[in-house]
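One structure below.
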Amino acid sequence: MADNERVPTVIADDAHIIYRVLQGPGAGNSPLASFKRIATRTKNSNIREVHAVKGVSFVAYRGEAIGLIGTNGSGKSTLLRAVAGLLPVSRGGIYAAGQPSLLGVNAALMNELPGDQNVELGCLAMGMSPAEVKAKKDEIIEFSGINEKGDFSSLPMRTYSSGMSARLRFSIAAAKQHDVLLIDEALATGDASFRKRSEARVRELRAQAGTVFLVSHSEQSIRDTCERCIWLEAGSIRADGPTADVMKEYEAFSRR
Amino acid sequence: MPETAVASADAGLSLKELARRHGLSYSGRLPSLPEYTRQLWEYRHFIRAHAGAKITSSLGNTKLGAVWQVLTPVINAAVYYVIFGLVLNTHKSMDNFISYLCIGVFVFQFTQSSVQIGMNSITGNIGMIRALHFPRATLPISAALVEIRNFMVALIVLFGIVLVDGEPLTFQWLLVAPILLLQSIFNIGLIMFMARYVTKMSDVRQLVPFIMRFWLYGSAVLYPVTQFESVLKGWMLQVVEANPMLVFIELYRHALLEGTTLANVPAVLWIQAVAWSVVVGILGFVYFWRGEKGYGRG
Ligand SMILES: Nc1ncnc2c1ncn2[C@@H]1O[C@H](COP(=O)(O)OP(=O)(O)O)[C@@H](O)[C@H]1O
Ligand SMILES: [Mg+2]
């Protein structure tokens, strides 16, 4: 029975996610106008709302690897952030077993700080103890390969090429074991040799994780890793099913 | 067959019921206040590292680096001394006016820059918030630590000014430690309040400079506190004298200066200071905690 029992690990129930964007200072930003808005509790007209995910529902089960596909700006990263509990859901709900972790290349670090200090900070922010951080620090820097061309780990992150900083971010995030693992285009990072290394690392993490979500623009890596696929378009689910079927539909759509 | 039994138990359930049946937790669930406090304690190393990182990166940005830390309060005090001490000559009756003025300026500056940094402690770290999981209150707390550390540097400068101005070094100076503690708790509360409030009402940013100036004038920083007594009476005077900044500044003056006229007897000032820091500290923390799950929205 244990084989066939399907245990849900992530459930999205009609989830809506809305970003609020504050536009730069413009008209109506004088102190007097601000005071008036605070006194009357009206919204700043400079705040625009972006409805990024519009009513998404799905159930993900233990042992599944789910590919998330869709054109740019269709809401894939946004959805993953909400599953990770990093972005609040405006309507509906997202439920998860344990604490899902987002493995993204966008994890912001502090650009003024050298790489090794960013490694420490990132690991502490992921909840590691100082002893764990100390033990893993060299390994992480080694894995990221930023020191291959000289001692870059002691230079501020702002001096890194975008590929280098993406590699470092991925290496930090991949240093921890996760229950529900959300991977956002992390595999596309860096050059060929790093990609091979990171793919191996993701496979390792996958083997230990309960459920994996993978966002990738590489069709091949989705086909290789995911048996199920969700196609997101303009914030709504267009298709959800076996990878081969969904991929076929998606390709037909994008060729148009 | 057991498989179908399981399947049928799940069948027909709404997604919400299914989630509950399998013990999944709502991703926006707010931890209880004790649970949240415990998480914060577990993240104390992160807080320290984050504050340390902020300090090194802020020092690295300017050529003079650490020298500015000392220079900024000194320049501030010099400007105020020229305007209020020499030009306007507010201090006819006081011989320790420079010390009196500098204590006010430095102490007020501590809270003022805390308020300013508080407004950025969420909005300025939004990238990190959207990428990693950690109790968000670590950010305002680390911001507060940076401010406390900067103020301790300023305090050393202040001690120098007060000594040069001819005040004796006494045991009473030790009272600075508990006052600093109380003001720091007060500031943390304010920072947490501001951090969340600007995410809800970004308009306050425009108003804060005016509020701070108004507060400065109401805190007897630039002129003797006794001036309030000559123009205000009854409950109005009591309201002005209950102003937390005035209370803190008066306590520092009580600790560092000999023979100043205080707004109240020290015992009353101490009670007021404790009350303010406990109330503002707790309310600020609770207010911030209530918004914990929404900070990623920006
Ligand atoms: N920080 C943000 N603030 C406002 N809007 C955003 C933000 N991030 C993404 N969006 C918007 O949300 C939508 C979905 O974006 P995203 O989830 O990044 O798409 P994808 O990852 O599928 O390319 C887009 O319309 C994008 O403009
Ligand atoms: Mg994306």
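- For the 3.5 Å distance criterion, the side chains of A:Tyr19 and A:Glu49 fail to qualify, holding no donor opposite an acceptor.
- Heavy atoms closer than 4.5 Å to chain B are found nowhere in A:Ile17, neither backbone nor side chain.
- Proximity to chain B (any heavy atom under 4.5 Å) is shown, for A:Leu121, by both the backbone and the side chain.
- Contacts between A:Gln117 and chain B at a heavy-atom distance below 4.5 Å involve the side chain alone, from C-beta outward.
- In summary, the side chains of B:Asn125 and B:Arg130 do not present any donor paired with an acceptor at a separation below 3.5 Å, with no hydrogens or angles considered.
- The part of B:Tyr43 that comes within reach of chain A is its side chain, from C-beta onward, which places non-hydrogen atoms under 4.5 angstrom from that chain.
- With a 4.5 angstrom heavy-atom cutoff, B:Arg136 touches chain A only via side-chain atoms.
- The aromatic ring centroids of B:Phe193 and B:Phe288 lie 6.0 Å or more from each other.
- For chain B, no part of A:Ser101 is nearby; none of its heavy atoms comes within less than 4.5 Å.
- A donor-acceptor contact closer than 3.5 angstrom links the side chains of B:Thr123 and B:Arg205.
- In this model, no donor atom of one side chain and acceptor atom of the other lie less than 3.5 Å apart for B:Ser114 and B:Glu147.
- Looking at A:Val133, there are no atoms closer than 4.5 Å to chain B (heavy atoms on both sides), in backbone or side chain.
- A donor-acceptor contact under 3.5 angstrom links the side chains of A:Ser154 and A:Asp151, judged on distance only.
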